[in-house]
Participant: 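First the structure, then my questions, so here it is.
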Protein chains: 2
Amino acid sequence: MESQDAVAVFRKGISKFIEFNEAEWHIFCQHLDLKKLKKKTHFAEPGIVCSEIGFILTGSVRFFNVKDGEEITGYFCFENELVSSYRSFLTREPSLNYVQALEDTELVIITYNNIQAMLANPILAYKMERFGRLVAEYYLICYEERMSSFITKTPEERYLDLLNTGRDIIQRMPQHYIAHFLGITPVSLSRIRRRIMKAA
Amino acid sequence: MESQDAVAVFRKGISKFIEFNEAEWHIFCQHLDLKKLKKKTHFAEPGIVCSEIGFILTGSVRFFNVKDGEEITGYFCFENELVSSYRSFLTREPSLNYVQALEDTELVIITYNNIQAMLANPILAYKMERFGRLVAEYYLICYEERMSSFITKTPEERYLDLLNTGRDIIQRMPQHYIAHFLGITPVSLSRIRRRIMKAA
DNA sequence: TCAAAACGTTAACATAAGATAAGAATTTGG
DNA sequence: CCAAATTCTTATCTTATGTTAACGTTTTGA
């Protein structure tokens, strides 16, 4: 990878998971790439195996499915977050969803093959296993909390939660994406917002 | 751990994640316990940090929250599956939900402290990191698929899916638990079943 | 710069789901 | 073995959501 800036941001970004010493980091960096996605282009697509995991330097992406010709947005990622079509990446099966850049987006990329190479490299293997474990655990917890909100909360409660904790999503995403993210239609979210307005 | 039967079942059960050689397995076993839960007793409870991960030898458990005095079932586990209140186990924060034995249930237990000990043991560390990674990735994929079904499918579609793929749940769990698992009320599930009956 | 597309709100109507309660069948536990 | 609890269904009523369409506003992109 080239840019020293990007490298530094990435190193800091993943430091909550793993820290490499200089020798390890040197090898690790040889397995990284930079990628620029123009707005509206796809990081992953249905029917294609997603072979990359990305770290967002700048920009944002959304995950969406197409059902009955309609795009249904399921998730978002922003700066300093990892992004992949995880099931596809981990199982090597074709993705079921799109991952699309919502703005011009710069990413640090680790390919599946490079991860395998590092997992097979005695110098990096242990830390890569640990890195993978901690990342997977982190996202497992995210999913658990989100699942739980679907089981125990109403759409209105989920929206109120999002107002408190989802600043990036609330501020940067159009409302009809947020609606699907909450599991409802855009029309329904508009009504919920009106209800909340009147109550307050 | 005592029972050789249990050990063998457990070893086979986790072999899809990791295989230990005899020396490793010997040490690993020193960090396992057996636990028997009587029907309706709790493996995890709100307000208490869950410090164990279990492998179900016999029996089954359900995960549930209490909201407005009502029990809301979010998940089930059966024989040969791992069970824990994952967020609590991983973060060391109090659990937000109950995990309850639905029948007399026998488990192989690994405590948090024992996992830490093995992660710190040079002989086991690498494989334990890998084991943890693969388990977390496995459950991450489960969550991703389940989340996706909440975003893109109707309750009726989720129930039809469950009829195809959730034999244990359909056959062994009472319908009102299944309803909450699908994100709806028991009354609503009963109506969905009637609709499906009439259509067929 | 300007036409087209995207976005958010609102209305009207149809449908599904939540809440509550009653009743029958089954299971549980002492 | 039997009373109590659980489970499931059904009915009624209320409420929320989905669907479609219209409208004004904002954004986009050529």
Side-chain angles (χ1 to χ4, degrees), chain A residues 38-41 59-60 62 64-73 76 98 100-105 149-160 162-163 169-200, chain B residues 38-41 59-60 62 64-73 76 100-104 149-160 162-163 169-200:
Chain A
K38 283 230 178 296
K39 182 172 178 174
K40 293 198 178 168
T41 58
S60 57
R62 70 172 175 132
F64 69 94
N65 290 75
V66 175
K67 188 188 182 191
D68 305 332
E70 195 194 6
E71 296 183 357
I72 301 184
T73 299
F76 311 99
Y98 291 90
Q100 179 191 51
L102 290 170
E103 346 169 28
D104 289 356
T105 297
S149 79
F150 272 83
I151 295 293
T152 63
K153 294 181 180 175
T154 64
E156 181 164 332
E157 289 171 319
R158 287 199 293 281
Y159 178 65
L160 289 169
L162 195 66
L163 287 179
I169 293 176
I170 290 290
Q171 289 178 355
R172 297 172 61 180
M173 292 297 136
Q175 203 169 295
H176 63 293
Y177 289 171
I178 296 175
H180 289 304
F181 172 75
L182 294 171
I184 57 180
T185 61
V187 175
S188 192
L189 178 55
S190 186
R191 285 187 290 229
I192 286 171
R193 284 163 52 82
R194 184 173 42 171
R195 277 206 303 269
I196 292 172
M197 286 297 205
K198 285 189 178 173
Chain B
K38 284 235 178 292
K39 182 173 179 172
K40 294 196 179 173
T41 58
S60 56
R62 71 170 172 131
F64 69 94
N65 290 73
V66 174
K67 189 189 183 191
D68 304 331
E70 196 195 6
E71 295 182 359
I72 302 184
T73 299
F76 311 100
Q100 179 192 51
L102 290 170
E103 347 169 26
D104 289 355
S149 79
F150 272 82
I151 295 293
T152 63
K153 294 181 180 175
T154 63
E156 181 164 333
E157 289 171 320
R158 287 200 293 280
Y159 179 66
L160 289 169
L162 194 66
L163 286 179
I169 292 176
I170 291 291
Q171 290 178 356
R172 297 172 61 179
M173 292 296 136
Q175 204 169 297
H176 64 293
Y177 290 170
I178 296 174
H180 288 303
F181 172 75
L182 294 171
I184 57 180
T185 61
V187 175
S188 191
L189 178 54
S190 186
R191 285 188 290 229
I192 285 172
R193 283 163 52 83
R194 185 173 42 173
R195 277 206 302 270
I196 292 171
M197 285 300 205
K198 285 187 179 172

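Lettering follows sequence order; numbering is per chain, from 1.
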Participant: What is the distance, to the nearest angstrom, from the CD atom on B:Glu71 to the C1' atom on D:dA5?
Facilitator: 14 Å
Participant: What is the minimum heavy-atom distance between A:Ile169 and A:Ile178, and which atoms define it?
Facilitator: O-CD1, 3.5 Å
Participant: Would you say B:Ile170 and B:Leu162 make side-chain contact, with heavy atoms under 4.5 Å?
Facilitator: yes
Participant: Step by step, work out the side chain to side chain contact (heavy atoms under 4.5 Å, CB included) result for B:Leu182 and B:Leu189.
Facilitator: CA-CA 9 Å; B:Leu182 294 171; B:Leu189 178 54; 4.1 Å; yes
Participant: So what is the end-to-end bend of the helix from C:dT1-D:dA30 to C:dG30-D:dC1, with 5 pairs used at each end and the value given to 10 degrees?
Facilitator: 70°
Participant: Is any side-chain heavy atom of A:Ser190 closer than 4.5 Å to one of A:Gln175?
Facilitator: yes
Participant: NE2 of B:His180 versus P of D:dT6: gap in Å, rounded?
Facilitator: 14 Å
Participant: What's the shortest heavy-atom distance between A:Phe150 and A:Phe181, and which atoms?
Facilitator: CZ-O, 3.7 Å
Participant: Can you see which heavy atom on B:Pro155 is nearest to which on B:Ile192, and at what distance?
Facilitator: CB-CD1, 4.0 Å
Participant: Just the rounded figure in Å: distance from C1' of D:dT17 to CZ of A:Arg158.
Facilitator: 12 Å
Participant: Could you walk me through whether A:Tyr98 and A:Thr73 pass the side chain to side chain contact (heavy atoms under 4.5 Å, CB included) check?
Facilitator: CA-CA 9 Å; A:Tyr98 291 90; A:Thr73 299; over 6 Å; no
Participant: Do B:Tyr159 and B:Ile196 have side-chain heavy atoms sitting under 4.5 Å apart?
Facilitator: yes
Participant: B:Gln100 and side-chain hydrogen bond (donor to acceptor under 3.5 Å, both in side chains): which partner among B:Lys39, B:Arg62, B:Lys40?
Facilitator: B:Arg62
Participant: In whole angstroms, how far is the C1' atom of C:dT27 from the CG atom of B:Leu102?
Facilitator: 15 Å
Participant: Quick test: give all pairs of protein nitrogen or oxygen and nucleotides 27-30 of chain D nitrogen or oxygen below 3.5 Å, distance rounded to 0.1 Å.
Facilitator:
none

Participant: Grab the two heavy atoms, one from A:Arg158 and one from A:Lys153, that are nearest each other, plus how far apart they are.
Facilitator: NH1-O, 2.9 Å
Participant: How many Å lie between CD1 on B:Ile170 and C1' on D:dT7, as a whole number?
Facilitator: 16 Å
Participant: If the sugar-phosphate is the primed atoms plus P, OP1 and OP2 and the base is the rest, what is the B/S/- string for nucleotides 8-26 of chain C, using protein heavy atoms under 4.0 Å?
Facilitator: SBBBB----BBBB------
Participant: A:Glu157 has an atom CD; how far is it from atom C1' of D:dA16, in whole Å?
Facilitator: 13 Å
Participant: Taking only nitrogen or oxygen atoms into account, show me every contact under 3.5 Å that the protein makes with nucleotides 1-3 of chain C, one pair per line with its distance.
Facilitator:
none

Participant: For B:Asp104 and C:dT28, what is the distance between atoms CG and P respectively, to the nearest whole Å?
Facilitator: 12 Å
Participant: Identify, with sequence neighbours excluded, every residue that meets ring-ring contact (aromatic ring centres under 6.0 Å, His included) alongside B:Tyr177.
Facilitator: none
Participant: Show every salt bridge (Lys or Arg N to Asp or Glu O under 4.0 Å) that has at least one partner inside residues 170-197 of chain A, sequence neighbours left out.
Facilitator: A:Glu79-A:Arg172, A:Glu103-A:Arg172, A:Glu156-A:Arg195, A:Asp168-A:Arg172
Participant: List the steps, then state whether side chain to side chain contact (heavy atoms under 4.5 Å, CB included) holds for B:Ser60 with B:Met173.
Facilitator: CA-CA 10 Å; B:Ser60 56; B:Met173 292 296 136; 3.9 Å; yes
Participant: Quick one: A:Leu182 CG to D:dA16 P, roughly how many Å, whole number?
Facilitator: 17 Å
